Amino acid sequence: MEALPGLEGESTRRDTLRIRESRLVPARRRGREAACCRITFRPPRTIGIRRVVAPAKSRKPRPKSPPSRREPTAGSRTLSGVPLKLLYTPIDLKDLEYVRDIGFPGEVPFTRGVYPTMYRGRLWTMRQYAGFGSAEASNARYRYLLSQGTTGLSVAFDLPTQMGYDSDDPITRGEVGKVGVPIATIDDMAALFRGLPLERVSTSMTINATAAILLAMYVAVAEAQGAARKGLRGTVQNDILKEYIARSTYIYPPEPSLRLVADIFEFCARGMPKWNAISVSGYHIREAGATAVQEVAFTLANGIAYVEAALARGLQVDAVAPQISFFFCAQTDLLEEVAKFRAARRLWARIMADRFRAKNPESMALRFHAQTAGVSLTAQQPENNVVRVAVQALAAVLGGAQSLHTNSMDEALGLPSEKAVRLALRTQQWLAHESGVGNTVDPAAGAFAVEALTRDIEEGAVTLIDRIDGMGGMLRAIESGWVQREIADSAYRFQRAVEAGERTIVGVNRFRTEEDVRAMWRPQRIDPKLEREQVARLKAFRKARDGKAVAKALAGVKGTAARERNLVPVILDAVKAHATLGEIAGAMREIFGTFRARSEV
């Protein structure tokens, strides 16, 4: 797709930061009838009509039809390339058993949803992912979103925070606060949530490599507010495997990174029962170019790896699994997406029951957050993004999401404006309160096409997971580069289809207009002074603290990292002693080393 010059997204900035790392930081490291019904086809009745044909010599030649361009028709494949039948009938569902495969909402296998009443009991949580500039600016945006009716917070961190660097590290210059909020200290975290009662607000934090540090900061700030740790509600993404697959904000090699994931599992299982210890993310995998089938397969395969890591730690499956949540992309192909969400739920329930022998139904229930597809947003004709996001959000709701973020129409141009953010939220509120789509549970159930697609996506995902098992599991499949190559091949095929005109992107390769987008749209920009102010605050923070207490706490982090004990408690101690995020991440770098991705063409 055509890109507008001068517009950069998070992936571009992340790549830039990786280049800086490589320069400045050393590496260490079918029967044709359904049983439930019969369909009888009768030939049409014929009526005798005598046809009079003129002799050949007296016939006039038929005029030739003028040449005409063939009008476009609806496609024969889903967005992911799955072949579609022209018409689906009960014959396509001959192997489905209602109770076994579809069932009832709130009951295994949860195909129709994880709760009996779904949105009649409680609407999905409306989260709007936000964070930029500074903790104070982000706090103001959270307050605005809450005043406009959002029902949960979702924190976006800047790249230095995601990759374990303080805001004043030379490697981060020009990146502080650009794609999220910079959090280097416990004071930054306190400012981020100032005036927001954490004992009553559900908070999602999109953070992975430094998840343990940010979780510790959140706990410390909440306790300082007077909140009980066991009452805190929210999610920390903590999905490091997908970073090696699709996103690249890793720090340490896979083995110690998986250890940190298990540390958070254990910490939350023992002291934070209402907190989701992980959000296994298919979103970034899909955004990198994966198909719907690959998104389900690779996400659940990651989930399997995490459960195995928790069991190896000595935790019980029914103690850990209820605290696992998932995060999926809501793409534009409405029926495929609805089927995808239903297939993921059914398959996860079967995996937990058959592979891990879970007994608690909550362990088999796949609860998920959805976000509309950022990769589908276009800088050309940004108004079209409003429609894209509405259809994607509809897919998430029809698919039974527990929470949802809707992207803003101007995000392909830069950070979203306040007006665009409000419209994105209003899209969710319109779906919830005017459309009627949530008034009955799983209204798409029983539709022949939807049920057939649900089955096909599940079967395709099972095939991929079996292949991953044959490689020795997801970690080995990632280390071999196989997963990454599969996604890259899918992304290449899609892009070739767009460039060849086989796949239409409205406003990009068809139905284009000549307009100066940047003259009509003025997205939000980050004031450079915010970085300077953040660096000054950080220096003052260091100057005012007890240096000996910090050194002792950091020594505790290194010692625990070397002794294979749970790191979260000592990280919490270090945070309270006023060690910075960069210092804590650095202490673990000294023990774990750093990861360098393999280069392939």
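Small disclaimer: the values here were computed from a predicted structure and weren't measured.
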Novice: Distance alone, cut at 3.5 Å: any donor-acceptor contact between the side chains of D166 and T580?
Specialist: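 Result is yes, a qualifying pair exists.
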Novice: Does F327 reach the side chain of T235, with side-chain heavy atoms less than 4.5 Å apart?
Specialist: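 They are not in side-chain contact.
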Novice: Whether the Q237 and S281 side chains hold a donor-acceptor pair (N or O, under 3.5 Å, no angle test) is what I'd like checked.
Specialist: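 Side chains of Q237 and S281: no pair found under 3.5 Å.
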Novice: Can we call the ring centroids of F326 and Y283 under 6.0 Å apart?
Specialist: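 For F326 and Y283, the ring centres are not under 6.0 Å apart.
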Novice: For L554 versus A579, what's the shortest heavy-atom pair and its separation?
Specialist: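 What the structure gives for the nearest pair is CD2-CB, 3.9 Å.
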Novice: Name all pairs fulfilling the salt bridge (charged side-chain N to carboxylate O under 4.0 Å, His left out) condition that reach into residues 292-303, sequence neighbours left out, sorted by first residue then second.
Specialist: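 Salt bridge (charged side-chain N to carboxylate O under 4.0 Å, His left out) check on residues 292-303 returns R286-E295, E295-K340.
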Novice: Using modelled atom types only, decide if a donor and an acceptor are shared between the side chain of T372 and the backbone of A330 within a distance under 3.5 Å.
Specialist: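 Flag not set: sc T372 to bb A330 has no pair under 3.5 Å.
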Novice: Say whether, by atom type as modelled, one donor and one acceptor occur between the side chain of R476 and the main chain of M471 under 3.5 angstrom.
Specialist: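 No, R476 side chain to M471 backbone: no donor-acceptor pair under 3.5 Å.
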Novice: Can you give the donor-acceptor pairs under 3.5 Å from side chains of residues 198-205 to other protein atoms, not counting sequence neighbours?
Specialist:
| residue | atom | partner | partner atom | Å |
| --- | --- | --- | --- | --- |
| S202 | OG | R127 | NH2 | 2.6 |
| T203 | OG1 | Y218 | OH | 2.9 |

Novice: Could you check whether any side-chain heavy atom of T185 comes within less than 4.5 Å of a side-chain heavy atom of L581, counting everything from C-beta outward?
Specialist: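 No - every pair of side-chain heavy atoms lies 4.5 Å or more apart.
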Novice: Between G399 and F341, which heavy-atom pair has the shortest distance, and what is it?
Specialist: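 Nearest heavy atoms, G399 then F341: O-CB, 3.6 Å.
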Novice: Kindly indicate whether the side chain of L214, heavy atoms from C-beta on, has any atom under 4.5 Å from the side chain of M189.
Specialist: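 In contact.
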Novice: Write down the atom of L347, the atom of A461, and the distance for their closest heavy-atom approach.
Specialist: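 Looking at all heavy atoms of both residues, the shortest contact is CD2-CB, 3.8 Å.
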Novice: Check whether the side chains of Q392 and T332 place a donor and an acceptor atom closer than 3.5 Å, and report yes or no.
Specialist: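 Distance-only check passes for Q392 and T332.
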Novice: Applying side chain to side chain donor-acceptor pair (under 3.5 Å), name anything that partners R367, two or more places apart in sequence or on another chain.
Specialist: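 Partners of R367 under the side chain to side chain donor-acceptor pair (under 3.5 Å) test: N276.
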Novice: Report yes if the side chains of E287 and C329 come closer than 4.5 Å at any heavy-atom pair, otherwise no.
Specialist: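 The answer is yes; the side chains approach within 4.5 Å.
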Novice: Who pairs with R229 by side chain to side chain donor-acceptor pair (under 3.5 Å), at least two apart in sequence or on another chain?
Specialist: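 For R229, the residues satisfying side chain to side chain donor-acceptor pair (under 3.5 Å) (neighbours in sequence not counted) are E223.
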Novice: Please tabulate, for the side chains in residues 257-272, all donor-acceptor contacts under 3.5 angstrom to protein atoms that are two or more places apart in sequence or on a different chain.
Specialist:
| residue | atom | partner | partner atom | Å |
| --- | --- | --- | --- | --- |
| S257 | OG | Y244 | OH | 2.9 |
| S257 | OG | Y252 | O | 3.2 |
| S257 | OG | P253 | O | 2.9 |
| R259 | NH1 | A561 | O | 2.6 |
| R259 | NH2 | T560 | O | 2.9 |
| R259 | NH2 | R565 | O | 2.6 |
| D263 | OD1 | R313 | NH1 | 2.7 |
| D263 | OD1 | R313 | NH2 | 2.9 |
| D263 | OD2 | L567 | N | 3.2 |
| E266 | OE1 | R313 | NH1 | 3.3 |
| E266 | OE1 | N566 | ND2 | 2.7 |
| E266 | OE2 | R270 | NH1 | 3.2 |
| E266 | OE2 | R270 | NH2 | 3.2 |

Novice: With distance as the sole criterion, is a donor-acceptor pair present between the side chains of Y306 and D239 under 3.5 Å?
Specialist: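 Yes, side-chain donor-acceptor contact under 3.5 Å.
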Novice: Should R342 and E451 count as an ion pair when the cut-off is N to O under 4.0 Å?
Specialist: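 Yes.
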Novice: Quick one: side chain to side chain donor-acceptor pair (under 3.5 Å) partners of D469, sequence neighbours excluded?
Specialist: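 For D469 the side chain to side chain donor-acceptor pair (under 3.5 Å) partners, ignoring immediate neighbours, are R355.
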Novice: Do D101 and R350 pass the salt bridge (charged side-chain N to carboxylate O under 4.0 Å, His left out) test, and can you show the C-alpha distance, the side-chain angles, and the key distance before you say yes or no?
Specialist: CA-CA 10 Å; D101 300 318; R350 290 172 173 169; 2.6 Å; yes
Novice: Given 3.5 Å as the limit, does a donor-acceptor pair link the side chain of Q402 with the main chain of G400, or not?
Specialist: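 Judged by distance alone, yes, a pair lies under 3.5 Å.
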Novice: Please determine whether the number of non-hydrogen atoms from other residues, nucleotides or ligands lying under 6.0 Å from atom OH of Y492 exceeds 12.
Specialist: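 Result for OH/Y492: open.
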